[in-house]
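Worksheet: one structure, shown below.
In the text below, chain A, chain B and the rest are named by the order of the sequence lines, each starting its count at 1. Computation of the quantities below employed the complete heavy-atom set of this structure, encompassing side-chain atoms and omitting hydrogens, waters and symmetry-equivalent molecules.
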2 protein chains.
Amino acid sequence: MERISLAKLSATVELAPGRSPAYETVVNFTHELGTAVTLARWERADCCDSIVESGGIGWVLSGTVLKSVILESGQRRIVDLMMRGDFFSLQRDDPRVFSFEISTDEAVTARIAHRDLISLPVSQPDLYRFVHERTCETISRLENHILVQGRTRSAQKIASYLSLLCTHLSEEEGAAVELPMSRYDIADHVGIAVETVSRAITDLRRRGVVELETPRSLAMRQAQKLHPDLT
Amino acid sequence: MERISLAKLSATVELAPGRSPAYETVVNFTHELGTAVTLARWERADCCDSIVESGGIGWVLSGTVLKSVILESGQRRIVDLMMRGDFFSLQRDDPRVFSFEISTDEAVTARIAHRDLISLPVSQPDLYRFVHERTCETISRLENHILVQGRTRSAQKIASYLSLLCTHLSEEEGAAVELPMSRYDIADHVGIAVETVSRAITDLRRRGVVELETPRSLAMRQAQKLHPDLT
DNA sequence: CGCCAGTTTGACAGCCATCAATGGGGGTGG
DNA sequence: CCACCCCCATTGATGGCTGTCAAACTGGCG
């Protein structure tokens, strides 16, 4: 982990390809916060549990962060997947022991401590409004994932999961995107076995719903409407 | 649906049995908001989609509210279940068409419109802090449900689902609680078939994990630790 | 009494978790 | 440079679980 300054931030995230308008507002928000914000650069497989220490909220400026928990059975369950522009709450004294982990080669995160967050409404009310909007977006993201997990068949789960991922990663319809996680991560996120994930993806490829250049490079074809059993 | 005033509120919710300390803070919060709050009493199966109209956030003072969506296939999926003291976000211009529905005989809800919510940090900063805490609790609730849905076996899902429900409904360990929803609702919430829900509950009853006086009255025995395959 | 919604149980086919094995790619050390 | 190892992805085989269809039972209500 490496602390970075606001001044060095633009040099880092400017490189991020295909930034959407919504992401720019997050970068602007980060700059406007000034000294209240803490930035950090991480590398693959870094464990960033320390991010929770001072509470408040965090967000992702580049890369992908996984929020996970290890069950008594030893199984890892991924509760949330945060990508560029996504916010997440940092709850101290949470009896549930969550871990945060980087799943991309590199990631840049930002956060504000709880004490700075609660003083924000008086000092910068419009920034607080932005925080509230983003927190509601976090709720939407979790709700979407509940809908994905609620699908009965594994092919449906994977199809809707990948579809969500693609719309988040690229505005362009049908463009190839680089999956920010392994098959194992997908399995632990949707709650099915790795082998079933692999089989489901192979099945979708055969049916022409997705195309794979490499196992990590995926393009969605809008063929879902042609396959009513996937809805 | 019936509008009720703040003055009549105490007569309604005071009757709610087994109120926990956390719930009292919600009632206090409701009173302190004054004119900004809108109260409503509903009856079973009422559709309260109109609650979203002015945005902002809502919360439950008594009864149970379901947030659901109808898929193209005609299936109903329950995304969230809000009980006494639970908050939920009311997002206008959400492309996803959610419905809100009462699953108990009666329910009382409260809400603040978006315009009142965004002016709250300047007028009553400590109330806004409370809103933020509750919004984070909403995130925790959804995360917990993702963990429930992530379980592989249906008996595990039902066991952890009912366990969560009981700890939320009663502080007393092992006390019988009245389930605020039907087997169909449970099925649509955890994403399995009704018959499987029924079979799983019967299975748990045979193994001594739960006890049922009536199909709706349930008591958890802390026997889960005796059954390692349920963790 | 008949109807209806909710719950439960049975039978069965299809799907999925598990175990097992193979192949590919990137890294390290010889 | 090559051998080796490890992680990841994929495919096969199989038993067990679950979705689906069907039917019976309950309690409430007109």
Distance, rounded to the nearest Å, where A:Asp105 contributes CG and D:dC8 contributes C1': 15 Å

Reported NE2-to-CZ distance for the pair A:His189 and A:Arg76, which is rounded to 0.5 angstrom: 10.5 Å

Rounded interatomic separation in angstrom, taking CZ from B:Arg151 and C1' from C:dA17: 16 Å

Selection from D:dT11, D:dG19, D:dT18 that lies nearest to any side-chain heavy atom of B:Ala193: D:dG19

Side chain of A:Arg216 (C-beta onward), nearest among C:dA17, D:dA9, C:dT8: D:dA9

Between C:dT8 (C1') and B:Arg206 (CZ): distance, integer Å: 10 Å

Per A:Glu195 side chain, nearest of listed nucleotides C:dT7, C:dC19, C:dT9: C:dC19

Criterion side chain to side chain donor-acceptor pair (under 3.5 Å) on B:Arg96 and A:Ser140, from CA distance to verdict: CA-CA 10 Å; B:Arg96 310 168 302 170; A:Ser140 292; 3.1 Å; yes

Residue A:Ile192, side-chain heavy atoms: nucleotide from D:dT11, C:dA17, C:dT9 that is nearest: C:dA17

Reported CG-to-CD1 distance for the pair A:Leu9 and A:Ile4, which is rounded to 0.5 angstrom: 5.5 Å

Phosphate OP1/OP2 of C:dT9: any B:Thr202 side-chain N/O under 4.0 Å: yes

C:dG6 OP1/OP2 closer than 4.0 Å to side-chain N/O of B:Ser182: no

Gap between atoms CZ and P, on A:Arg76 and D:dC7 respectively (whole Å): 14 Å

Sugar-phosphate, base or nothing in reach of B:Ser154, heavy atoms under 4.0 Å: sugar-phosphate

Nucleotide nearest A:Arg199 when distance is taken to its side chain, options C:dT9, D:dT11, D:dG19: D:dT11

Atom pair distance, as rounded to whole Å: CG in B:Asp188 and P in C:dA5: 16 Å

Gap between atoms CG and C1', on A:Asp185 and D:dC7 respectively (whole Å): 12 Å

Whole-Å gap separating P (D:dG27) and CG (B:Leu212): 15 Å

Evaluation steps, side chain to side chain donor-acceptor pair (under 3.5 Å), between B:Arg111 and B:Ser54: CA-CA 9 Å; B:Arg111 63 180 168 89; B:Ser54 48; 2.9 Å; yes

Whole-Å distance separating the CD atom of A:Gln156 from the P atom of C:dC15: 11 Å

Distance test, side-chain N/O of A:Thr196 to OP1/OP2 of C:dA17, below 4.0 Å: yes

Gap separating the CG atom of A:Leu204 from the CE atom of A:Met220, nearest 0.5 angstrom: 7.5 Å

Residue B:Arg183, side-chain heavy atoms: nucleotide from D:dA9, C:dT8, D:dT11 that is nearest: C:dT8

